Amino acid sequence: MAVNLTRKTVVAAATETTYGADIEPALNTNAQTGGYTQLVYGDGASVWQGDTTMVDMPSLTPTMSPQSQLAGRSLSNVSLQTCLCQQTTTSEAASAIPYFDPLLQACGMDSDDSTPDSDFVQTYTPTSTMGETSNVRSATIVDYQGGAVGAAAIETRATGVYLNADFNLTAGQAPTIQFAGQGKYVAPVNRAAVAATVYLPDTKVLVQSESLTIQKNSAIDTPVGDTLTPICRSIAFSTGNSIIERADVNSAEGLKGLQIISRAPTLNLVIEAEDLLRTGAYVSAAASADFYAGLKANTLHKLTFTHASGVAEVYTTFTFPNAQLTSVNLSDDGGIRVFNLAFALIGGTAGDNEYSIAFRTKGVS
């Protein structure tokens, strides 16, 4: 019997068109060729965990001895850490689709492709029709654990998966995305390990030159022209989904599945407090601004930043058009005073636009 090494972990995912449909994700090299293998970092043992409730209803007896429990519903807990990587192929429009496209959609996002010029853009925005027949967006995620190629490995699987995503961009570090959520339980089985050719090219680059800007809004969806470009230590963005279990007496184990029922996305920045207070607009010449006044005045802000891939005209742009400060705190970072700014991301007049993530790939020259 071979040792099952946690380093030997291959994960694949695909978007479901019917909730909970047990589909087989393709194991090609990238989304451009139809595959959805995932680049996964960290702890290979935490990618999939079974979660079974135990129903404890002991009968009354003459003794205090414990009695057997009843195994209840089972779920699959899924936790995947990846990096913000982009395709660098320029031959097709599909090259703008990131390999973690199924995971973003399972976070309650719609995916839209467009060609505003000679380049290709794949944009992700939140949706309010998540889980409806025509817009299910759940994912099937398969994890192949250990084993040499062609030898026995453990396959764990989750269907009907919904997720949350936490993006973390710390200056001088790799940009990470932590996906975590739950799906319907599928019993693990032995299966021959997949070939090493499924691995994706690792195109991660450092968090640097992100062009983060902050604008005040004069009204909802209406940013003013003046901008602040702060010295920023880190950016943390969370989708903030609420995922619940749907109980059903007509379903196996009394569980229909899972559902995203609401969201409260957030954005957190750590920036240097070069000037503790500065009144007026957030102008480019200003080192800092009066965030305390903005908090008390319920001021909205537009924030944007762009993460470059290292290849010209291939980058990812994050946009938060209506961000409201919810807390302003001061702390120490190596002897330098910094602001810890927490923003709630709210929808504009049309809704479903708390944020957008646009992956851009240059067109064929």
Side-chain angles (χ1 to χ4, degrees), residues 1 4 6 9 11-25 38 40 42-81 102-103 105-108 130-133 135-147 152-166 178-191 238-264:
M1 181 177 293
N4 193 304
T6 58
T9 300
V11 178
T15 300
E16 299 172 347
T17 56
T18 301
Y19 179 77
D22 193 349
I23 58 178
E24 195 67 40
Q38 305 297 305
V40 180
D43 181 6
S46 67
V47 169
W48 180 94
Q49 295 285 346
D51 177 8
T52 299
T53 61
M54 299 303 296
V55 181
D56 188 10
M57 294 188 65
S59 58
L60 301 177
T61 67
T63 74
M64 297 176 63
S65 299
Q67 299 168 48
S68 64
Q69 301 178 43
L70 177 65
R73 70 98 182 103
S74 292
L75 291 173
S76 295
N77 293 333
V78 177
S79 179
L80 303 172
Q81 185 185 70
L103 307 183
Q105 294 196 51
C107 289
M130 187 74 176
E132 296 183 5
T133 303
N135 193 28
V136 176
R137 303 298 186 198
S138 55
T140 292
I141 298 176
V142 183
D143 174 24
Y144 304 94
Q145 303 179 5
I154 301 172
E155 178 196 282
T156 58
R157 183 181 293 260
T159 65
V161 177
Y162 286 129
L163 299 163
N164 265 300
D166 292 295
Q178 181 69 50
F179 291 100
Q182 292 182 308
K184 300 179 75 171
Y185 176 84
V186 179
V189 296
N190 287 328
R191 181 171 175 176
S238 177
T239 53
N241 296 325
S242 293
I243 304 171
I244 65 160
E245 299 177 27
R246 299 172 62 195
D248 178 25
V249 297
N250 288 326
S251 298
E253 298 184 347
L255 180 69
K256 181 71 172 178
L258 298 137
Q259 178 66 45
I260 296 175
I261 61 164
S262 65
R263 62 178 181 261

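Values reported hereafter were calculated over all heavy atoms of this structure, with side chains retained and with hydrogens, waters and symmetry mates removed. The shown structure was predicted, so the numbers you read here are calculated from the model rather than taken from an experiment.
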List the atom pairs, donor and acceptor, that lie under 3.5 Å between side-chain atoms in residues 60-68 and the rest of the protein, sequence neighbours left out.
residue	atom	partner	partner atom	Å
T61	OG1	T63	N	3.3
T61	OG1	T63	O	3.0
T63	OG1	S65	N	3.3
Q67	OE1	S59	OG	2.9
Q67	NE2	S59	O	2.9

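Between the side chains of T159 and T140, no donor-acceptor pair is found at a separation under 3.5 Å. Side-chain contact, Q182 with N77: a donor N or O sits under 3.5 Å from an acceptor N or O. Between the side chains of Q178 and S79, at least one donor-acceptor pair of N or O atoms lies under 3.5 Å.
A salt bridge links R191 with E155: the closest approach of a Lys/Arg side-chain nitrogen to an acidic carboxylate oxygen falls below 4.0 angstrom. The pair E16-R137 does not meet the salt-bridge criterion, since no charged nitrogen lies less than 4.0 angstrom from a carboxylate oxygen. Salt bridge D22/R157: present, at least one basic N to carboxylate O contact under 4.0 Å.
Between the side chain of N164 and the backbone N or O of G240 there is at least one donor-acceptor pair closer than 3.5 Å.
With contacts defined as side-chain heavy-atom distances shorter than 4.5 Å, the pair Q38/L103 qualifies.
We find the CG-CD distance between N190 and Q145 to be 11.0 Å, quoted to the nearest 0.5 Å. Put simply, CG on D166 and CD on Q81 are 10.5 Å apart, with the number rounded to the nearest 0.5 Å.
Atom CE of M54 is surrounded by more than 12 heavy atoms from other residues, nucleotides or ligands within 6.0 Å.
Using bins of under 30°, 30° to 60° and over 60° for the plane-to-plane angle, the ring pair Y162/Y19 lands in the parallel bin.
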**Study point:** Full working for side chain to side chain donor-acceptor pair (under 3.5 Å) between Q49 and D51
**Key:** CA-CA 6 Å; Q49 295 285 346; D51 177 8; over 6 Å; no

